[in-house]
Structure formats: C-alpha cells, structure tokens
Amino acid sequence: MVSIKLLGIAGSLRKASTNRGLLRAAQANLPDNAGLEIADLTDIPFYNQDITEKPASVNRVLAQIGAADGLVLASTEYNYSLAPALKNILDWASREPNNALLARKPVAILGAGGGMGTSRAQYHLRQVCVFLDMWPLNKPEVFASAFAGGFDADGNLIDEKLTGQVRELMRALVAVVAAHR
Ligand SMILES: Cc1cc2nc3c(=O)[nH]c(=O)nc-3n(C[C@H](O)[C@H](O)[C@H](O)COP(=O)(O)O)c2cc1C
C-alpha cells in the first residue's frame, strides 16, 4: 500500500531528458510503501512578482509539492549551475506563506549531465535548499553521465549500476520521510 507520496521534479524540459529518465527510474525502484509522481514544468512561466494571481499551471505543481511527503530533484546542469526551470518552480513555491510548501521537506538530489555528473549544479541546489530550510539527504550522491551510454535515445536509464544507486537513494529518502512523520 502506498503511504508515502513523493514528487519528482527535473530541471530539463526536453522530451528525451535523461534527468526525467532518472525520475522514471526512481519511480520504478521505490520501496513498496511509496509512490512517485513526476511534475510537468513545461507550462510554468517565470516567476514575476507582478503576477498577483498565480496561473493554473503553477497552482497545479504547487499543489503536488504540498501533497508530497518528499521531493526528488533531478538537477540538470546548465553552465555549472542548476537549470532555470527547477530554480523557477522552487522560487514560485517559496512565496507561499511561512514557506509552508518547502520548509522541512525531505529531498533527494540526483542528476545526469556532462563529465562531472551535475555535481556543480547539485551543490548549488543544496545551497538553495539551505535557505529554504529543506532537508536534502547527504548520501547517497548520484552523479550520472548523460553521454556515456547509460541512457537510451528516449532518456530512459539503462545502466544497472546507476539504477542501483537510484534505488538506494529512494530507499534512503523513504526512510527519512518515515522517520519524521
Ligand atoms: C545551455 C546548456 C548548458 C550546459 N551546461 C552544462 C554544464 O555546465 N555542465 C554539464 O555537465 N553539462 C552541461 N550541459 C549538458 C547537459 O547537462 C546535458 O545536455 C544533459 O543531457 C541535460 O539534461 P537532460 O538530458 O535531462 O536534458 C549543458 C547543456 C545546455 C543545453
């Protein structure tokens, strides 16, 4: 029975995204008591303080974040930092009163990218998590190469070792969520 709800968010918007592939791998490698939805960020506008009434697309994802016991953030790396689509939805979510959607939310971080496996972006994301008072897991870290044959042409993860790392990360996240309920 699913009792722990997780939400996966990837920084890449493209159809064959390897980072969304990591989230699908997470979905397929969860403990039995957990379920994971994957957020769609394709229709989320840039945060603008002049927009006083949030668009329906933003409300949709904020509701998913609010309903989630934990987040799985696939931190696409663009120019040595986290991709704007991911930062943008965190910016939208951070404007809720008392930071109620994000504060003390357990977070698993992983990513697929170039030679350093998005490690630079992941450490920037961890800095953002600190300000937002989120609870990113320290270990295990998952740094995947998007270009070394670990993914198929549709962005699906096909590498067994990485799949094992994703499974371990999900196990760790679910354990933290369960412990803090
Ligand atoms: C604008 C841009 C900047 C990028 N900068 C980096 C980078 O700094 N480090 C890196 O490892 N990969 C970088 N890449 C490569 C991406 O990590 C790679 O395209 C990856 O597959 C994107 O994730 P996705 O498959 O989920 O779309 C960059 C790609 C783009 C389009």
Side-chain angles (χ1 to χ4, degrees), residues 6-30 34-48 57-58 60-62 64-65 68 70-94 102 105-132 134 136-170 172-173:
L6 304 175
L7 180 69
I9 308 178
S12 172
L13 304 179
R14 72 188 184 97
K15 284 195 188 78
S17 162
T18 54
N19 284 280
R20 280 217 308 287
L22 285 177
L23 294 181
R24 288 192 297 278
Q27 211 168 30
N29 287 279
L30 290 170
L36 184 147
E37 280 181 16
I38 298 177
D40 178 6
L41 301 185
T42 51
D43 54 358
I44 303 295
F46 269 118
Y47 179 77
N48 178 342
S57 59
V58 172
R60 181 193 71 231
V61 178
L62 296 194
Q64 287 180 301
I65 293 174
L71 300 179
V72 183
L73 302 182
S75 180
T76 313
E77 181 167 303
Y78 284 171
N79 300 313
Y80 281 20
S81 192
L82 65 157
L86 177 56
K87 179 64 163 47
N88 186 48
I89 195 62
L90 293 175
D91 292 340
W92 276 110
S94 71
L102 300 177
K105 186 86 82 180
V107 180
I109 295 175
L110 72 178
M116 291 176 69
T118 77
S119 51
R120 292 165 292 221
Q122 290 191 29
Y123 278 93
H124 282 182
L125 176 58
R126 286 181 184 278
Q127 184 177 339
V128 173
C129 289
V130 169
F131 178 68
L132 295 174
M134 299 165 85
L137 267 66
N138 289 331
K139 297 276 173 69
E141 294 181 303
V142 180
F143 302 128
S145 168
F147 307 111
F151 295 84
D152 70 16
D154 297 319
N156 297 305
L157 181 62
I158 54 174
D159 182 275
E160 274 181 31
K161 192 172 166 202
L162 276 171
T163 302
Q165 291 177 12
V166 172
R167 187 180 302 115
E168 282 310 305
L169 181 62
M170 291 306 99
L173 177 63

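In each ligand, atom 1 is the first atom listed, and ligand 1 is the first ligand listed. No hydrogens, no waters, no symmetry mates; every other heavy atom, side chains included, goes into these values. Being a predicted model, the structure only gives us computed values, none of them experimental.
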Undergrad: Answer with side chain, backbone, both or neither: which part of Thr76 has a heavy atom less than 4.0 angstrom from an atom of ligand 1?
TA: side chain
Undergrad: Is the shortest N/O to N/O distance between Thr18 and ligand 1 below 3.5 Å?
TA: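 Checking ligand 1 against Thr18, an N or O pair does fall under 3.5 Å apart.
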Undergrad: Under 4.0 Å, counting heavy atoms only: does Phe151 come that close to any atom of ligand 1?
TA: no
Undergrad: Heavy-atom distance to atom 10 (C) of ligand 1: which of Gly114, Pro84, Ala83 wins?
TA: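 The nearest heavy atom belongs to Gly114.
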Undergrad: Do the side chains of Val72 and Met170 get nearer than 4.5 Å, heavy atoms only?
TA: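 Counting from C-beta outward, Met170 and Val72 do come under 4.5 Å.
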Undergrad: Under a 3.5 Å distance rule, please check whether Gln122 uses its side chain to pair with a backbone N or O of Val142 as donor and acceptor.
TA: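 Yes; judged by distance alone, with no hydrogens or angles, the pair exists.
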Undergrad: Heavy-atom contact check, 4.0 Å cutoff: does Met116 meet ligand 1?
TA: no
Undergrad: Taking C-beta and beyond as the side chain, do Leu90 and Met134 meet within less than 4.5 Å on heavy atoms?
TA: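 Contact flag for Leu90/Met134 side chains = yes.
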Undergrad: Which residue owns the protein heavy atom closest to atom 14 (N) of ligand 1, what's the atom, and how far is it?
TA: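 Going atom by atom, the protein heavy atom closest to atom 14 (N) of ligand 1 ends up being Glu77 O, 3.4 Å.
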Undergrad: Who's the nearest protein heavy-atom neighbour of atom 8 (O) of ligand 1, and how far?
TA: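 In this structure, atom 8 (O) of ligand 1 has Tyr80 N, 2.7 Å as its nearest protein heavy atom.
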Undergrad: So, do Lys161 and Gln165 sit near enough that their side-chain heavy atoms are less than 4.5 Å apart?
TA: yes
Undergrad: Heavy-atom contact under 4.0 Å between Thr118 and ligand 1?
TA: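 So Thr118 does not count as touching ligand 1.
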Undergrad: Which is it for Ser12 and ligand 1 at heavy atoms under 4.0 Å: side chain, backbone, both or neither?
TA: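 Side chain only; the backbone of Ser12 stays clear of ligand 1.
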Undergrad: How far is atom 2 (C) of ligand 1 from its nearest protein heavy atom, and which residue and atom is that?
TA: Tyr78 CD2, 3.6 Å
Undergrad: Would you kindly specify which portion of Arg14 sits under 4.0 Å from ligand 1, judged on non-hydrogen atoms: side chain, backbone, both or neither?
TA: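 The answer is the side chain.
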Undergrad: Should the pair Tyr123 and Phe143 be assigned to parallel (<30°), tilted (30 to 60°) or perpendicular (>60°) ring geometry?
TA: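 Ring orientation of Tyr123 relative to Phe143: tilted.
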Undergrad: Verify, without hydrogens or angle tests, whether Asp154 (side chain) and Asn156 (backbone) share a donor-acceptor contact under 3.5 angstrom.
TA: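 Side chain of Asp154 to backbone of Asn156: no pair is present.
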Undergrad: Determine whether a donor-acceptor pair (N or O, by modelled atom type, separation under 3.5 Å) exists between the side chain of Ser57 and the backbone of Asp43.
TA: yes
